[in-house]
Protein chains: 2
Amino acid sequence: MVEELNKDQTTEQKILAAARAVFIEQGLAGARMQDIADRAGINKALLHYYFRSKEKLFDMVFEEAAMKFLPRISILFEADIPIFDKIRTFVEHYINLMMENPFIPIFVLNEVHKNPAEFITRIWGGRMPPVREFAAQIQREIEAGNIKPIHPFHLMINMISMCIFPFVGRPIATSVFELSNEQFMVLMEQRKKLVAEFVIDAIKA
Amino acid sequence: MVEELNKDQTTEQKILAAARAVFIEQGLAGARMQDIADRAGINKALLHYYFRSKEKLFDMVFEEAAMKFLPRISILFEADIPIFDKIRTFVEHYINLMMENPFIPIFVLNEVHKNPAEFITRIWGGRMPPVREFAAQIQREIEAGNIKPIHPFHLMINMISMCIFPFVGRPIATSVFELSNEQFMVLMEQRKKLVAEFVIDAIKA
DNA sequence: CTTTGGTTTAACTATTTGGTTAAACTGTAT
DNA sequence: ATACAGTTTAACCAAATAGTTAAACCAAAG
């Protein structure tokens with residue numbers, strides 16, 4: 001996927017698109033400002049004219065990526081709908097997001113891994129995902145005898161794992177199972193329904 | 001210079017241990033030879049005396065890590081034991097491995113992501129994990145009506161996702177759920193049984 | 001004692017890389 | 001035409017970094 005040569009794009013947009021591509025592919029340490037300039041079709045001087053430093057540019061790209069990675073599913077979590085429907089909606093929503101941004105997860109996870117301390121404060125300025133609401137609902141459903149007892153942590157981690165991990169381990173998975181990119185995407189498409197039903201079958205009483 | 005039972009590590013071992021730590025923490029691009037030398041308690045000259053280049057050293061560390069990441073479960077996969085027991089053994093085995101090497105997955109996955117082409121040829125010189133055996137067994141179990149129909153890819157990816165992903169997303173998970181390292185490890189310990197039963201409940205007919 | 005292999009010290013080279021600068025150029029709006 | 005923001009060119013600087021080199025050091029083996 002090369003850069004789109006839109007005359008419509010402003011230079012700033014071209015730079016950000018290029019930076020996105022290079023940072024996501026190479027990481028902060030592996031990315032070169034020259035590469036970003038080349039990819040944006042401009043020169044280094046102009047790149048620094050728009051963004052003073054590599055760090056500034058990286059911050060923008062990373063923040064944007066992190067936001068995509070931790071999507072705005074607050075409404076979903078807080079919505080007053082049955083748990084199984086909530087699971088179905090969550091999984092479909094999340095896998096859709098991953099299919100649209102397949103390389104965001106490994107990028108974000110790796111940069112967070114290299115600098116865990118900074119991450120927590122920077123990305124979520126105190127506002128964490130409303131995980132408590134969902135956890136409470138799970139507790140209620142367990143007490144009502146609708147689903148088997150399970151710690152909300154495990155249920156959520158299981159769901160999220162199955163949504164994200166295939167994209168993180170994509171090159172290995174496609175190599176082991178000898179899949180083309182098209183076949184991989186078909187399987188991911190299937191997972192939108194499959195993972196939800198897998199989870200529901202696993203927990204329903 | 002024959003048999004010297006080293007109470008202490010040899011210099012080569014010290015270097016490899018240091019390299020492991022630094023590469024796994026910082027990645028190939030982020031790692032500094034000086035850091036590795038410091039961590040090994042030696043100097044840069046000696047470091048290059050033992051390992052000619054950064055690449056050579058990285059190769060060793062990466063290969064070792066990749067081997068741990070894709071463990072020798074061939075025997076397990078080929079063993080003629082019931083599918084549910086196989087799942088239980090696999091999950092426990094794999095999560096144990098992850099608990100012993102918690103930072104291997106993100107390291108390997110990220111380096112593979114940065115260079116997918118090289119990976120396939122380098123790590124598995126043609127010899128891939130015997131995934132076909134396991135897939136065949138799943139097919140047989142489905143036809144025998146013991147488990148619900150599911151593509152072996154999805155079943156395996158689901159299992160592996162739930163085993164590995166918590167470690168890949170560890171800093172985020174611990175931050176969202178406000179977990180100490182001890183609490184995190186307790187939860188991972190629980191998962192050895194929990195994930196297996198989760199999978200079995202999800203697929204049993 | 002002498003040799004020898006591992007080790008240190010410390011300086012050095014070559015290259016990469018983030019970032020800067022100044023001058024010239026270009027199109028558009030005033 | 002003129003002014004100006006955006007852009008290019010090309011050189012440059014300073015720091016970091018991989019890798020080298022040579023001399024000296026040291027402990028153990030012959």
Side-chain angles (χ1 to χ4, degrees), chain A residues 2-65 107 110-111 114-115 118 122, chain B residues 1-63 107 110-111 114-115 118:
Chain A
V2 198
E3 69 277 11
E4 302 129 66
L5 332 159
N6 290 342
K7 290 169 195 167
D8 302 346
Q9 281 188 111
T10 67
T11 301
E12 190 175 339
Q13 286 170 332
K14 283 195 289 185
I15 292 174
L16 279 170
R20 230 173 275 139
V22 175
F23 279 132
I24 286 173
E25 196 180 306
Q26 300 293 334
L28 170 56
R32 297 295 104 117
M33 291 299 268
Q34 187 63 59
D35 291 349
I36 295 173
D38 291 349
R39 203 118 161 194
I42 59 165
N43 48 51
K44 222 174 37 156
L46 192 59
L47 177 55
H48 279 93
Y49 174 80
Y50 274 87
F51 296 88
R52 264 186 206 161
S53 72
K54 191 183 181 184
E55 258 65 31
K56 291 263 184 215
L57 189 50
F58 177 80
D59 283 355
M60 292 208 169
V61 170
F62 179 76
E63 203 129 337
E64 186 193 60
F107 168 64
N110 190 54
E111 295 299 333
K114 286 187 192 165
N115 209 335
E118 208 147 310
R122 202 168 84 191
Chain B
M1 68 186 269
V2 195
E3 38 202 290
E4 211 178 306
L5 293 185
N6 299 330
K7 310 168 248 175
D8 299 337
Q9 293 181 103
T10 67
T11 301
E12 191 175 338
Q13 286 170 331
K14 282 194 291 185
I15 292 175
L16 279 170
R20 229 173 277 140
V22 175
F23 279 131
I24 286 174
E25 197 181 307
Q26 300 292 335
L28 170 57
R32 299 292 104 114
M33 291 299 267
Q34 187 62 61
D35 290 350
I36 295 173
D38 291 348
R39 202 117 160 196
I42 60 165
N43 49 50
K44 225 175 33 158
L46 192 59
L47 177 56
H48 278 92
Y49 174 81
Y50 274 87
F51 296 88
R52 263 189 206 160
S53 72
K54 191 182 179 183
E55 258 65 29
K56 291 264 184 217
L57 189 50
F58 176 80
D59 283 355
M60 293 212 167
V61 170
F62 178 76
E63 204 130 335
F107 168 65
N110 189 55
E111 296 299 333
K114 285 188 193 166
N115 208 336
E118 208 146 311

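A, B, ... follow the sequence lines: proteins, then strands. Residue 1 opens every chain.
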Visitor: D:dT7, OP1 or OP2 - any side-chain N/O from A:T11 closer than 4.0 Å?
Guide: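 Yes, because at least one side-chain N or O of A:T11 sits under 4.0 Å from OP1 or OP2 of D:dT7.
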
Visitor: Under 4.0 Å, counting only non-hydrogen atoms across every strand here, what does B:F51 touch: a base, just sugar-phosphate, or nothing?
Guide: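 Contact class for B:F51: none.
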
Visitor: Does the side chain of B:Y49 get closer than 4.0 angstrom to OP1 or OP2 of C:dT7 through an N or O atom?
Guide: no

Visitor: Answer yes or no: is there an ion pair linking B:R39 with B:E25, defined by an N-O contact shorter than 4.0 Å?
Guide: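 Counted as a salt bridge, because a side-chain N and a carboxylate O are separated by less than 4.0 Å.
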
Visitor: Which atoms form the tightest heavy-atom contact between B:N43 and B:A37, and what is the distance?
Guide: C-CB, 3.8 Å

Visitor: In whole angstroms, how far is the C1' atom of C:dG19 from the CD1 atom of A:I42?
Guide: 14 Å

Visitor: Counting distance alone, no hydrogens or angles: does the base of D:dG19 have a donor or acceptor under 3.5 Å from a partner atom on the side chain of B:K44?
Guide: yes

Visitor: Assuming nearest nucleotide by heavy-atom distance, tell me which of A:L28 and A:A45 is located more 5' along DNA chain C.
Guide: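 Residue closer to the 5' terminus by nearest nucleotide: A:L28.
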
Visitor: Ignoring backbone atoms, establish whether B:Y50 has a side-chain N or O less than 4.0 Å from OP1 or OP2 of C:dT7.
Guide: yes

Visitor: Please state whether the phosphate of C:dG19, meaning OP1 or OP2, lies under 4.0 angstrom from any side-chain nitrogen or oxygen of A:H48.
Guide: yes

Visitor: Tell me the interatomic distance from B:K54, atom NZ, to C:dT16, atom C1', rounded to whole angstroms.
Guide: 12 Å

Visitor: Can you measure B:Q9 atom CD to C:dT7 atom P for me and round it to whole angstrom units?
Guide: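 Between P of C:dT7 and CD of B:Q9: 13 Å.
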
Visitor: Describe the nucleic acid contact of B:A31 in one word from base, sugar-phosphate, nothing, applying a heavy-atom distance below 4.0 Å.
Guide: sugar-phosphate

Visitor: Going from CG on B:L28 to CG on B:N110, what distance comes out if it is rounded to the nearest 0.5 angstrom?
Guide: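 If we round to the nearest 0.5 Å, B:L28:CG and B:N110:CG are 10.5 Å apart.
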
Visitor: In whole angstrom, give the distance that lies between atom CD of A:Q34 and atom P of D:dT8.
Guide: 12 Å

Visitor: Starting at NZ of B:K56 and ending at P of D:dG19, how long is that distance when rounded to a whole Å?
Guide: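 One finds 11 Å between P of D:dG19 and NZ of B:K56, rounded.
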
Visitor: Just checking A:A29: base, sugar-phosphate only, or nothing, at a heavy-atom cut-off of under 4.0 Å?
Guide: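 Nothing: the residue A:A29, judged by heavy atoms under 4.0 Å, touches no strand.
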
Visitor: Do any side-chain nitrogens or oxygens of A:R32 fall under 4.0 Å of OP1 or OP2 in C:dG18?
Guide: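 Yes, such a contact exists.
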
Visitor: How many Å lie between CG on A:L47 and P on C:dT17, as a whole number?
Guide: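 Result: 15 Å.
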
Visitor: Round to the nearest Å and state the distance from B:L46 atom CG to D:dG19 atom P.
Guide: 15 Å

Visitor: Just by distance, with hydrogens left out, do B:N115 and B:E111 show a side-chain donor and acceptor under 3.5 Å apart?
Guide: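 No, B:E111 and B:N115 have no side-chain donor paired with an acceptor closer than 3.5 Å.
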
